[in-house]
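Below is one structure, written out as structure tokens; the observations come after it.
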Amino acid sequence: MAISEERVKWTRSELKGGATIEETRRALEEQGFTAKDVKYALKKAAPRADYKKLAKPEAAQAGSKSSYLHADYRALAEPKLVRDAGNSNVTTLFEDELQLYAIRNFLSARQCEQLVNAIKGDAHPSKVDSYDQQSDMRSSRTCSLRIHEHPFVGSINTAIANTLGLSNTWAEVTQGQWYEPGQQYKPHPDYFVPGTAEYDRFAKTGGQRTWTFMIYLNQPEAGGGTHFLKVDETILPEQGMAICWNNLLRSGAPNPNTVHAGLPVEAGSKFIITKWFRDRGTGQPFTA
Ligand SMILES: O=C(O)CCC(=O)C(=O)O
Ligand SMILES: [Fe+2]
């Protein structure tokens, strides 16, 4: 499937806004486009001379110098959502021991249903095979909601970025999760634990996880709350409600008070999407 014209327009506006070819290439790749689609979008969006000049390896390297910088952790603790929390539809659940916020009706019922269908793989039944049946820790099924397969996810990603105030080019591909009765995600932190193989594998290259932005797409009949162990708070799923938290402290160190669990679903199904932001990325880290 060819990359959409909308994405070519986006690519053009990124380049016009001063992003380098290399930064834009990485941003598109992070969003899940194939190398072929990325090349097509860049070729269409960049004036021919620029593309030829800038696509040269040495120019690409010069361009990427500004990329993959570590975040300013203090600024990361005060993104737009936090700064505006007092006069917006954001509910502050905790701010001292952990920064945890909720936003009711972040997505409409229609958007939630569209996402549930995408997760179920109705649109792409063959993709069901790529769902992992997870380990003992996480028994739900997960999938990546790539925008070239599900273009409507693009506007949801934009809404997340604009609400939180962090750029999608500093985030992972949106993940969908589907739990059935008995399934759960046992207590865990979302950050990569320093000293573990996982930390070496993910955090050292793509960066540590910063904010988690999670949206409940439905309300299971029973169970399935999200439990924050340290503050002993369980958030009950509500269709369209987003919750988000900062996994790091102002120092940039992981905040152990963010450890949480997806409690077992007791009846019905539970669907969520999650977007994890990182402390490294391309382009501007903040949207506002
Ligand atoms: O299902 C939940 O409520 C929590 C999910 C979660 O913690 C995760 O995906 O990291
Ligand atoms: Fe989690």
Side-chain angles (χ1 to χ4, degrees), residues 91 93-94 97-104 106-107 112 115-116 118-120 130-145 153 156-157 160 164 166 171-193 196 198-199 201-203 206-249 254-279:
T91 307
L93 298 173
F94 293 92
E97 46 284 81
L98 83 148
Q99 296 180 275
L100 176 62
Y101 305 84
I103 311 167
R104 288 210 149 104
F106 179 76
L107 293 184
C112 291
L115 285 163
V116 166
I119 295 171
K120 280 182 178 167
S130 67
Y131 283 37
D132 321 315
Q133 193 62 41
Q134 295 278 337
S135 63
D136 185 44
M137 269 298 283
R138 179 166 74 177
S139 48
S140 62
R141 285 182 278 184
T142 67
C143 64
S144 295
L145 295 167
V153 175
I156 293 170
N157 289 341
I160 293 173
L164 186 53
L166 301 181
E172 298 173 30
V173 171
T174 303
Q175 294 289 314
Q177 273 185 68
W178 175 5
Y179 299 81
E180 280 175 342
Q183 294 185 330
Q184 62 177 309
Y185 195 170
K186 290 183 182 169
H188 65 278
D190 284 357
Y191 53 77
F192 303 116
V193 179
T196 62
E198 198 189 39
Y199 180 87
R201 191 164 153 224
F202 299 113
Q208 177 60 287
R209 282 183 172 159
T210 60
W211 284 80
T212 299
F213 198 102
M214 191 180 118
I215 308 168
Y216 300 102
L217 305 179
N218 76 326
Q219 198 165 337
E221 284 157 47
T226 308
H227 182 213
F228 286 83
L229 282 78
K230 178 69 186 185
V231 290
D232 194 17
E233 176 81 10
T234 298
I235 296 159
L236 298 176
E238 196 182 287
Q239 189 178 53
M241 180 168 75
I243 63 168
C244 61
W245 63 91
N246 183 4
N247 292 292
L248 305 183
L249 297 165
N255 181 355
N257 294 344
T258 58
V259 168
H260 57 281
L263 298 177
V265 170
E266 288 157 32
S269 312
K270 171 183 169 188
F271 292 89
I272 58 170
I273 60 165
T274 309
K275 197 151 191 81
W276 284 288
F277 289 81
R278 298 283 190 100
D279 72 356

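All ligand and atom numbering here is 1-based and tracks the order in the structure.
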- Query: Between the main-chain N or O of Val265 and the side-chain N or O of Lys270, is there a donor-acceptor pair closer than 3.5 Å?
  - Reply: no

- Message: So, using ring pair (Phe, Tyr, Trp, His ring centres under 6.0 Å) as the criterion, who are the partners of Phe271 when residues are at least two apart?
- Response: Trp178

- Side-chain donor-acceptor pair under 3.5 Å between Thr212 and Asn247, yes or no? yes

- Quick one: is the NZ or CZ of Arg138 closer than 6.0 Å to the six-membered ring centre of Tyr185, and within 45° of its axis? yes

- Can you tell me, to 10 degrees, how wide the angle at the Fe ion (ligand 2) is between NE2 on His188 and NE2 on His260? 90°

- Item | Residue pair Gln219 / Gln239, side-chain heavy-atom distance below 4.5 Å | no

- Is the distance between the ring centroids of His188 and His260 under 6.0 Å? yes

- Note on the structure: Of all the N, O or S atoms in Asp190, the one nearest to the Fe ion (ligand 2) is OD1

- Does a side chain donor of either Thr258 or Asp190 reach within less than 3.5 Å of an acceptor in the other side chain? no

- By chain and number, the residues contacting ligand 1 below 4.0 angstrom (heavy atoms only) are Gln177, Tyr179, Tyr185, His188, Asp190, Met214, Thr226, His260, Gly262, Lys270, Ile272, Trp276

